[in-house]
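Beneath this line is the structure, given in structure tokens, with notes to follow.
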Amino acid sequence: MTGTVTTSALASLQRNHLAALQQAYDEMLTRLGLDGVLLYSGHPRRHFADDQEASFAAYGHFMHWTGQVDLVRSWLLIRPGKRPRFKVHAPDDFWHLPASLPDEAWVTTFDIEMSRDDAPPTLPAGRFAVLGDVSTSLAEALGVDCNPAPLVGALDEGRVRKSDYEIACLHSANQQAMAGHRAARRAFLEGGAELDIQLAYLGASRQRETALPYASIVGVNAHGGVLHYQHYDTFPPARRRSLLLDAGHRHRGYCADITRTWAGPGADTAFASLIEGVTAMQQRLIEALAPGVDYVDLHQWMHLALGELLAEQDMVHCTPEAAVAQGITRAFCPHGLGHSLGLQVHDVAGRVDGAGRPLPPPERDPALRLTRKLEAGMVVTMEPGLYVIPMLLAPLKEGTAGRDIDWRLVERLADHGGIRIEDNVVITPTGYDNLTPPE
Ligand code: GLY
Ligand code: MN
Ligand code: MN
């Protein structure tokens, strides 16, 4: 990956991004017979019978223009051939700091109104749609279509291939996340508990917890085998076998989603060589990335490679093909190879083709989130895994596949949870560019 772009180069990339976005919206709105679309940023949810709110992230199509994750109750009006009109909710408030806008290129290209109220802007005569977390009663009062599927589908498709500006933002998000991963690894090796590791991650990646693109998964020992493990133990375990850390960062709305797995001082020797095996497998899979490659084929290849690794490490005593056919590899890795990445960590339009037709995942792979052919500009995660998940392995014990598994080795590894290695990669016209820096 080329180095970080300067602020002025980023401003120029952002202007190009906005010009292309305006053109794409103009074409789409004209094709759908609309005079414009109103994008609502959204608002946080309040806990039931409480005055406290959940953390918030703005609607993806609103962020596509502004990159603003935190702006609540604000409206963006896009019309063909007109400057975007932006009504920002910024009430006088001595309880909170009112909203303000960043020093970024987009601000100079929009007509901006800082407003005390959160009502949508007055619409001129014509046919409009409103998109976002709005009530149908509001849409009816405005006399506009609410989240019409053809428009949402077309706009989702417009987020599949990233602009150079978006790729630069994803690259920055990766750099910041990796600074966190380095510090988190140190905290683990120095004996920190899951909470200490999370705090080290947040500190080094310079972000508060509510700004994360997703809740960090900090799995020490067996917790690494809980795919979306959600707690942070406050005490370290007596014996530190492993750390699986899946943690990200946002830059101008764009998400990094990186996972690393480390052996601790109390690890079984077999675990460290399994980490090496999964890392090498991930690199081989990344090297296959190019336009025209079918992501479902890559996912199937991951299973064959997992079968090879399990056989090499004597965890199974059958051919890789037999390990796949008997469902052994899927018990060791029940999730997909990866997903599209952008303004949402699991980005939109992963399971439709370019014309919006559904591309459901294979029956055996219900968790696979990306089923498209790759195209230049797509950004995907590559995250093969290998876990000891008792509830998935136990049923194999009963059947014929159970005879091909070395249960003693599985038992030795059970307290290590699992391994996932995850990078973020952009597809280029000739191949790929890995946005995730080395540790
Ligand atoms: N961090 C969630 C995922 O890897 O998809
Ligand atoms: Mn991911
Ligand atoms: Mn992840």
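All ligand and atom numbering here is 1-based and tracks the order in the structure.
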Can you classify the ring geometry of Tyr387 versus His335 as parallel (below 30°), tilted (30 to 60°) or perpendicular (above 60°)?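 Judged by the thresholds at 30° and 60°, the geometry between Tyr387 and His335 is perpendicular.
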Could you label the plane-to-plane angle of the Tyr40 and His43 rings as parallel, tilted or perpendicular, counting under 30° as parallel and over 60° as perpendicular? tilted
Polar contacts were defined as any N/O atom of the residue lying under 3.5 Å from an N/O atom of the ligand; does this apply to [X] and ligand 1?
X	answer
His346	yes
Glu422	yes
Asp257	yes
Arg420	no

To the nearest 0.5 Å, what is the distance between CD (Glu422) and CG (Asp257)? 3.5 Å
Could you verify whether a donor N or O on one side chain and an acceptor N or O on the other, from [X] and [Y], lie under 3.5 Å apart?
X	Y	answer
His339	Glu383	yes
His61	Asp156	yes
Tyr165	Arg15	no
Ser242	His416	no

Testing Leu32, Val130, Leu131 one by one against Pro148 for a side-chain contact (heavy atoms from CB on, under 4.5 Å), which residue passes?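 Between Pro148 and the candidates, side-chain contact (heavy atoms from CB on, under 4.5 Å) is satisfied uniquely by Leu131.
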re atom 4 (O) of ligand 1, the protein heavy-atom contact at minimum distance is Glu383 OE1, 3.0 Å
Under a 4.0 angstrom heavy-atom cut-off, which atoms of ligand 1 come close to Asp246? 1 (N), 2 (C), 3 (C), 4 (O)
Taking the six-membered ring for Trp, are His171 and His251 closer than 6.0 Å centroid to centroid? no
What protein N, O or S atoms come within a distance below 2.8 Å of the Mn ion (ligand 2), ordered by chain and number?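 For the Mn ion (ligand 2), the protein N, O and S atoms that sit under 2.8 Å away are Asp257 OD2, His339 NE2, Glu383 OE2, Glu422 OE2.
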